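The structure under discussion appears below in the form of structure tokens.
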Amino acid sequence: MIEETIRVANEEGLHTRPANKFVQVVKGLSCSVTIAKGERSAPGTSLLKIMKLGVVQGDEITVVCDGNDETDAMDRIRAFLLNGEAGS
Amino acid sequence: MMKGIAAAPGVGLGRSVVLCRREIPAVESRSERDCETEMDRFLRGRDVAAEYYRHLATKVRSTIGEQEAEIFDGHLEILLGEDLLEDVEERIRSDGTNAEEAVGAFAETTAQEFEELDSEYFRQRAGDIRDIGNRLIEAVYFGSIQDFSDLPDTCVIVAEELSPSETARLDTTRVVALATEKGGRTSHAAILARALSIPCVTGIRDLVMHVTNSQWVVVDGDEGWIDTGVDPEREPEKAAEILARSRERQVLAEKRKRWSRETPAVTADGVAVHLAANVGGSEEAVHARESGARGSGLVRSEFFFMKFRSFPTLEQQVAEYRAVCTALAPDPVTVRLLDCGADKPLPYGHVQQEDNPFLGERGVRFLAARPDQLDAQVEAISRVAQEGYPIRLMIPMVISRTEIEVVRQRASYNGLSVGIMVETPASVLLIRDFAQVADFVSIGTNDLTQYILAVDRGNPVVADLYQEFHPAVITAIDTVVTECHAAGIHVGVCGDMASRPDSAMALLALGVDELSAGISAVPEIKAALSCIHSAQLKELGAVLRSASDAETAGKAAAELVQDSIRPWET
């Protein structure tokens with residue numbers, strides 16, 4: 001299990017569109033992904049729970065990846081949150 | 001015949017398609033059926049709703065754009081997501097509720113959670129969640145979702161109101177007219193209708209109660225009424241007459257526009273007047289040019305913003321402002337900063353209900369509280385100016401010098417011309433000071449009259465106290481013109497006073513340098529002007545300044561234009 005705190009640079013934060021793209025990225029991974037903002041957390045596969053975190057540009061969120069491809073997963077998630085695009 | 005608000009010009013005759021909110025009867029929330037049957041109903045409804053959102057995303061992708069479509073991709077994900085399924089299943093299996101009730105409870109709870117978030121964007125997603133919930137309930141109960149993209153030919157859309165998602169889905173090639181019960185000139189239906197040149201009447205009381213499906217309906221968007229009493233199959237002459245009258249009106253309108261295009265705005269003794277038009281965006285700018293306007297003294301950028309579900313990007317704004325300039329080139333274009341609020345709330349901008357919206361967060365106050373959006377709009381206008389287009393920026397609802405300075409500081413292009421709208425009593429009282437920091441001034445006579453006289457013109461009880469020729473209003477205009485000329489800057493007017501021949505002449509008599517009228521008023525004002533000598537305007541100015549009541553002043557202006565000719569009719 002690895003954990004990393006990332007400041008969201010994406011201009012739209014995790015609005016409907018980017019959050020859905022995020023979910024689609026996570027669904028393509030084999031490890032489990034959880035993100036947390038403050039004291040609240042959401043599974044990386046639930047668009048609704050992620051949106052309810054209300055993540056906007058500049059927010060710090062904690063990402064936990066747990067499973068086989070966790071290092072690769074973290075790289076892709078980091079790239080997504082910093083650039084709005086998933087690294088491939 | 002039913003009266004409403006003329007929201008988009010033209011006359012349409014077609015068969016009605018009534019888009020009613022399908023009512024789900026109040027039923028026992030506890031299911032009579034066993035929970036397996038309820039789950040099955042839910043899952044089948046979810047399939048129907050999912051197909052609907054897939055179809056919607058595909059359609060929006062090809063007609064509007066990728067970004068808009070991706071929002072509906074997100075809605076599909078929410079619909080099929082684990083949260084909805086788990087929550088509904090729990091309610092059905094443990095509480096014994098029926099599928100509709102379970103979906104409704106889930107949507108409402110979730111919507112309320114969104115409403116408690118800090119970010120305005122996320123608070124507004126509550127509406128999306130309720131929308132998804134309602135579509136799903138419709139799919140569960142009826143086994144289908146009304147599809148507005150599958151319409152019969154030459155139909156008239158009749159609705160209580162049209163939401164942005166509904167308007168996006170209409171197959172507008174088959175629609176000859178729109179009629180709605182709610183909404184005014186700035187509702188989505190009205191904006192869409194004007195953009196597509198479809199006649200539209202809004203604000204028709206009890207419309208949906210009185211019109212049924214497949215009835216013949218005439219919609220007169222010039223005069224603001226609809227009529228269901230005409231059947232072209234039984235009364236072909238009457239229907240033909242209506243359409244002939246509509247065509248006649250179109251022919252006359254074309255003649256009027258052509259005359260106006262070919263005729264400069266000058267007085268009988270050859271004094272040229274700058275006559276521009278107010279436009280809502282690039283489509284209207286084309287129309288303004290065809291109607292003989294020289295540029296625009298007021299581009300209502302809020303109409304452009306209202307086409308979107310969230311704030312348009314910098315690039316989208318640049319493209320739009322450039323398109324307005326291109327349509328009106330080489331004449332100058334004045335873009336007013338987003339002026340939402342009061343009677344024009346931005347669907348994704350205003351969250352809090354205000355007790356007194358006309359004294360609330362409107363005009364520059366809205367953008368000042370959203371610096372990112374202010375930056376984006378100022379930057380978009382700056383870029384177009386830097387490209388060499390004659391574009392200017394105008395600030396609405398100014399009450400302090402700081403508001404002007406804040407906007408100017410944000411302009412990346414030093415050569416950008418920054419002006420203000422004078423529409424508050426504060427800006428009249430402080431005009432000498434403001435004229436030092438503004439490059440030009442435009443008087444918004446509608447709000448100025450309303451604020452100076454403290455009269456709500458939309459309130460029928462006091463509407464007759466709303467007088468543009470009131471001595472206080474005339475004095476305010478006179479003061480602004482005198483002070484601005486002393487400071488060496490131009491004064492325009494972009495309110496309704498510039499759109500009627502009598503009051504337009506009064507403005508020129510008071511020394512106003514530029515008129516920006518409603519597009520359709522441009523020919524009339526040119527015609528009135530062509531019959532008047534500048535000496536008569538000077539005389540009118542003296543009468544206006546000394547008049548002690550609105551009647552005297554209004555009568556003097558009316559007498560000046562009463563013999564105006566309509567040269568395009570000859």
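Residue numbering restarts at 1 for every chain, and letters A, B, ... go by the order of the sequence lines. All values derive from a computational prediction rather than experimental measurement.
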> Side chain, backbone, both or neither: which part of A:V23 has an atom under 4.5 Å from a heavy atom of chain B?
Replying inline: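 Only the side chain of A:V23 comes within 4.5 Å of chain B.
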> Around atom CG of A:D69, are there more than 12 heavy atoms of other residues, nucleotides or ligands at under 6.0 Å?
Replying inline: yes
> Does B:E82 CD have over 12 foreign heavy atoms under 6.0 Å away?
Replying inline: yes
Measuring from [X]:[atom1] to [Y]:[atom2], what's the distance to the nearest 0.5 Å?
{"X": "B:D372", "Y": "A:E11", "atom1": "CG", "atom2": "CD", "answer": "8.0 Å"}
{"X": "B:R125", "Y": "A:L48", "atom1": "CZ", "atom2": "CG", "answer": "12.5 Å"}
{"X": "B:L79", "Y": "A:L47", "atom1": "CG", "atom2": "CG", "answer": "11.5 Å"}
{"X": "B:S119", "Y": "A:Q57", "atom1": "OG", "atom2": "CD", "answer": "12.0 Å"}

> Counting heavy-atom pairs under 4.5 Å to chain B, which of A:L14, A:N20, A:L53 comes out on top?
Replying inline: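 Among A:L14, A:N20, A:L53, the one with the most close pairs to chain B is A:N20.
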> Among A:H15, A:Q24, A:E12, who wins on heavy-atom pairs under 4.5 Å with chain B?
Replying inline: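 That would be A:H15.
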> Closest approach of B:F122 and A:V56, non-hydrogen atoms and distance?
Replying inline: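 The pair with the smallest heavy-atom distance is CE1-CG1, 4.0 Å.
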> Taking every heavy-atom pair that is under 4.5 Å apart, which of B:L76, B:L117, B:I129, B:D118 has the most such pairs with chain A?
Replying inline: B:L117
> Of the backbone (N, CA, C, O) and the side chain (C-beta and beyond), which part of B:E116 lies under 4.5 Å from a heavy atom of chain A, both, or neither?
Replying inline: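 It is neither, since no heavy atom gets under 4.5 Å.
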> Between B:E70 and chain A, which part of the residue has a heavy atom less than 4.5 Å away: side chain, backbone, both or neither?
Replying inline: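 Contact with chain A: backbone and side chain both.
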